[in-house]
Protein chains: 2
Amino acid sequence: MDISVLSGSALFRGFDETEVNTLLGSLNAREKRFRKGAMIFHSGDVISTLCFVITGSVTIESNDMWGNHTILNLVSKGQFFAESYALLPNEPMLVDVCANEDCTIVYLDMKSVGRLDESMRVKLLANLLTITTRKNLHLSSRSFHTAPRQVRGRIMAYLNTVSVQKNSREFDIPFDRQQLADYLNVERSVLSNELSKMQRDGLIRCRKNHFEIV
Amino acid sequence: MDISVLSGSALFRGFDETEVNTLLGSLNAREKRFRKGAMIFHSGDVISTLCFVITGSVTIESNDMWGNHTILNLVSKGQFFAESYALLPNEPMLVDVCANEDCTIVYLDMKSVGRLDESMRVKLLANLLTITTRKNLHLSSRSFHTAPRQVRGRIMAYLNTVSVQKNSREFDIPFDRQQLADYLNVERSVLSNELSKMQRDGLIRCRKNHFEIV
DNA sequence: TCCGAAATGTTGTAATTACAACATACTTTC
DNA sequence: GAAAGTATGTTGTAATTACAACATTTCGGA
């Protein structure tokens with residue numbers, strides 16, 4: 001198992017290499033690979049493992065019975081997912097998790113946290129708290145992206161956020177057109193159309209998933 | 001200060017009355033009252049206090065420069081808010097917090113957590129973790145309510161959630177029409193209109209904020 | 001390089017929503 | 001209890017979006 005990415009993660013901040021190895025053992029760390037498009041978790045699953053993305057990326061999705069397909073979040077290399085369900089035992093998942101590309105996931109069993117000695121537990125809990133708190137802010141950012149009533153406003157809200165994150169007017173986004181549409185809660189064709197108009201209006205330039213804000 | 005509500009809260013689970021009093025001192029607990037409609041925090045504020053609703057309720061809102069007004073969450077008596085900003089120092093708030101009705105708020109300074117002795121800190125961190133994790137699930141529930149493309153779908157998604165929470169087909173909701181519209185991200189008049197249609201179609205019955213799913 | 005599959009772009013029409021304007025009902029205050 | 005103010009319901013029109021159908025581009029194998 002490649003522990004370099006893991007030991008640099010927010011969860012193990014403040015732990016040295018030896019401690020990380022001990023923790024990985026205590027938390028019964030397991031690695032698993034998925035092919036692009038594979039389902040990692042299904043809505044309704046009950047889990048107790050925190051998940052870490054070693055390579056690739058996954059999408060958190062809501063798929064309801066009327067065919068509405070919504071992407072709530074994209075989790076990329078070096079980030080965690082399923083914290084909520086790992087830390088609240090018996091809460092069935094309300095979302096699906098899919099491999100957005102070929103990826104490697106490490107599972108960490110949170111039921112074992114109680115058995116750690118107190119000094120390790122304090123540090124781990126503090127790190128977990130930072131992770132869930134940051135995830136909170138991240139989750140609400142989607143609300144800002146879907147808050148504008150019109151498609152153009154949503155696109156701009158999203159692109160602005162990415163631009164600020166990447167600290168540049170030119171950047172790649174992790175979504176293809178269909179995924180961006182599902183994330184912004186609009187029709188794919190309407191999204192394509194609006195992107196064309198925005199280019200004609202000189203607001204942006206884009207080609208595939210590379211964007212530039214003019 | 002009325003500590004009975006506080007000591008029964010998720011934050012102080014596992015602490016006895018004496019410990020709660022000690023903690024309230026260590027965390028520099030302060031109480032403040034607000035009139036309905038008052039702004040408790042503004043977007044851009046930097047805070048380090050966890051906030052607890054003793055009486056009344058508050059709304060978490062996003063108000064952008066184009067006049068879009070969106071309600072992200074309603075926090076009622078016995079619940080916490082601003083955890084994310086309290087726990088991540090120097091993160092400026094992205095939302096406004098408003099008094100939804102006359103209310104009493106207790107501020108708890110999270111900068112002081114590091115000074116607690118270890119056994120108390122572990123318990124407090126574990127409780128904070130539960131709070132933020134639950135808040136995570138709660139935040140994503142709004143995504144499910146706004147996922148349907150059409151107004152009727154959003155209304156039903158929301159009413160179903162409330163119905164499940166209250167374990168009854170008949171219940172009150174905490175929003176008036178304008179607020180419900182802002183929460184579901186639709187026009188107020190369209191919402192009113194759709195509610196009328198749904199009553200004519202025999203799906204629901206409602207009067208003011210009392211609803212019944214038929 | 002060619003083919004087929006998948007992704008993206010374009011267009012037109014039907015359906016839905018936004019918005020404004022107004023009617024009605026309910027509340028609060030004096 | 002009347003008046004004023006607020007909340008809710010209704011309606012029509014303009015604007016936007018959904019949806020379907022098809023054109024074009026891109027990308028990976030054969």
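Here the structure is a predicted model, which means the values were calculated and not measured. Keep in mind that the numbers below use all heavy atoms, side chains included, and drop hydrogens, waters and symmetry copies. By convention in this document, chain letters (A, B, ...) are assigned in the order of the sequence lines, proteins followed by strands, and residues within each chain are numbered from 1.
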Nucleotide nearest A:V151 when distance is taken to its side chain, options D:dA18, D:dT10, D:dT17
D:dT17
Output for pair (B:N160 CG, B:I213 CD1), nearest 0.5 Å, gives 5.0 Å
For a side-chain contact (heavy atoms from CB on, under 4.5 Å) with A:R142, tell me which candidate from A:N185, A:L184, A:I71, A:N73 qualifies.
A:N185
Selection from C:dT10, D:dT26, D:dT10 that lies nearest to any side-chain heavy atom of B:R200
D:dT10
A:N185 has an atom CG; how far is it from atom C1' of D:dA18, in whole Å?
13 Å
Would A:N21 and A:E17 count as having a side-chain donor-acceptor pair, cut-off 3.5 Å?
no
5'-most contact on DNA chain C: A:C206 or A:Q150, nearest heavy atom basis?
A:C206
Electrostatic pair A:E91-B:R134, nearest N-O below 4.0 angstrom
yes
What is the distance, to the nearest angstrom, from the CD atom on A:E187 to the P atom on C:dG9?
15 Å
Distance check needed: C:dT27 P versus B:E101 CD, whole Å only.
16 Å
Between C:dT17, C:dG9, D:dG9, which one does the side chain of A:S192 approach most closely?
C:dG9
Taking the side chain of A:R177 as its heavy atoms from C-beta onward, which of C:dA18, C:dT8, D:dA20 lies nearest to it?
C:dT8
NA contact type, A:R188, heavy-atom cut-off 4.0 Å: base, sugar-phosphate, or nothing?
base
Rounded to whole Å, how long is the line connecting atom NE2 of B:H210 with atom P of D:dT8?
16 Å
Whole-Å gap separating C1' (C:dT8) and CD (A:Q199):
12 Å
Judged by nearest nucleotide, the residue sitting upstream toward the 5' end of DNA chain D, A:R207 or A:V190, is A:V190
Students often get this wrong, so: under 4.0 angstrom with heavy atoms, is A:R152 touching a base, only sugar-phosphate, or nothing?
nothing
Regarding the side chain of B:S196, the nearest nucleotide among C:dA18, D:dG9, C:dG9 is D:dG9
Could you state the atom-to-atom distance from NZ of A:K208 to P of C:dG9 in whole Å?
9 Å
Among C:dA18, C:dT8, D:dT10, the one nearest any side-chain atom of A:D176 is C:dT8
To the nearest angstrom, how far is B:L191 atom CG from D:dT11 atom P?
16 Å
Given atom NZ of B:K197 and atom P of C:dA15, what is their separation to the nearest angstrom?
13 Å
Is there a donor in the side chain of A:N63 and an acceptor in the side chain of A:D96, or the other way round, less than 3.5 Å apart?
yes
